Structure formats: structure tokens, C-alpha cells
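All residue numbers refer to positions in the sequence shown, counting from 1. Bear in mind the structure is a predicted one, so any value in this text is a computation, not a measurement. All values below come from the heavy atoms of this structure, side chains included, with hydrogens, waters and symmetry mates left out.
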Amino acid sequence: VTHLLALAQTAVIAQVGLGLLLLSSHHRAPDRLHYVYGSLSLAAVLAPWLYAPADRHRRLAWFAGATLVAGALAVRAYMTGT
């Protein structure tokens, strides 16, 4: 489970990195809300690294929940970008 969470988090971070590359080459999304969803998904992935409790079961739940939220936000960002 931890490897799948790490893979999903890596995919979200890669999507944000790809978005930044597109932004740097002057490709813009039609809706500015796209950038909000992308930023929130990155924050959701990074939040458990800072705020998760020390207990390993609760920590895994934090990472799973944050990854689920980040994935939903990434899908929503994709939908606003098309």
C-alpha cells in the first residue's frame, strides 16, 4: 500500500511539474481555476509530510486521505484545463 501511495504522489507531482513546464513555454489554461486546483493538489500531497502523526497506522491513513484528495483535485484540474 505504501508503494502505491508513493507512486500516486509521484504522479501528482509529475503532473504539477509538467504543468509548470507548459506554463514556462507560454501555454496557458483557458480557465485560471485550473492553476488553483493544481496548486491545491500539490499542497495536499505535501501536507502529510509535515503534519501526519507519528503513529504508523494513523500516518498511513493521513497519506492515503491526502493522496485521494490530491488525485481528485488533479482530475478536476485536468477537467478545467481542457
Side-chain angles (χ1 to χ4, degrees):
V1 172
T2 56
H3 293 295
L4 290 175
L5 288 174
L7 179 65
Q9 288 179 341
T10 303
V12 169
I13 292 171
Q15 286 178 349
V16 171
L18 182 62
L20 289 174
L21 284 174
L22 287 172
L23 192 61
S24 70
S25 64
H26 304 291
H27 289 86
R28 302 282 188 244
D31 189 6
R32 290 192 180 264
L33 192 58
H34 178 79
Y35 304 117
V36 173
Y37 285 127
S39 300
L40 288 176
S41 66
L42 181 62
V45 165
L46 296 177
W49 290 99
L50 300 173
Y51 300 113
D55 178 43
R56 59 181 227 179
H57 295 293
R58 292 183 60 210
R59 188 171 183 81
L60 182 62
W62 267 71
F63 274 94
T67 303
L68 183 65
V69 168
L73 287 168
V75 167
R76 184 64 182 140
Y78 176 76
M79 291 171 52
T80 61
T82 58

Asks: Can you list the other members of the hydrophobic cluster that holds L40, where links are side-chain heavy atoms under 4.5 angstrom apart?
Replies: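 Result for L40 is L33, V36, Y37, V69, L73.
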Asks: Quick check on R58: does its CZ atom have over 12 non-hydrogen neighbours (other residues, nucleotides or ligands) under 6.0 Å away?
Replies: no
Asks: When hydrophobic residues are tied together by side-chain contacts of less than 4.5 Å, even through go-betweens, does W49 share a cluster with L60?
Replies: yes
Asks: In chain order, what residues pass the side-chain hydrogen bond (donor to acceptor under 3.5 Å, both in side chains) check against S24, with sequence neighbours excluded?
Replies: none
Asks: Identify all side-chain donor-acceptor contacts of residues 15-23 below 3.5 Å with residues at least two apart in sequence or on another chain.
Replies:
none

Asks: Under 3.5 Å, side-chain donor or acceptor atoms of residues 1-11 against the rest of the protein: list the pairs with distances, not counting sequence neighbours.
Replies:
| from | atom 1 | to | atom 2 | distance (Å) |
| --- | --- | --- | --- | --- |
| Q9 | NE2 | T67 | OG1 | 3.3 |
| T10 | OG1 | A6 | O | 2.7 |

Asks: Test of understanding: with side chain to side chain contact (heavy atoms under 4.5 Å, CB included), list the residues that count as partners of L46, not counting sequence neighbours.
Replies: L42
Asks: Return the minimal non-hydrogen interatomic distance between A44 and A66, and the atom names on each side.
Replies: O-CB, 3.2 Å
Asks: With A52, which residues qualify under side chain to side chain contact (heavy atoms under 4.5 Å, CB included), at least two apart?
Replies: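 A52: side chain to side chain contact (heavy atoms under 4.5 Å, CB included) contacts with P48, R59, W62, F63.
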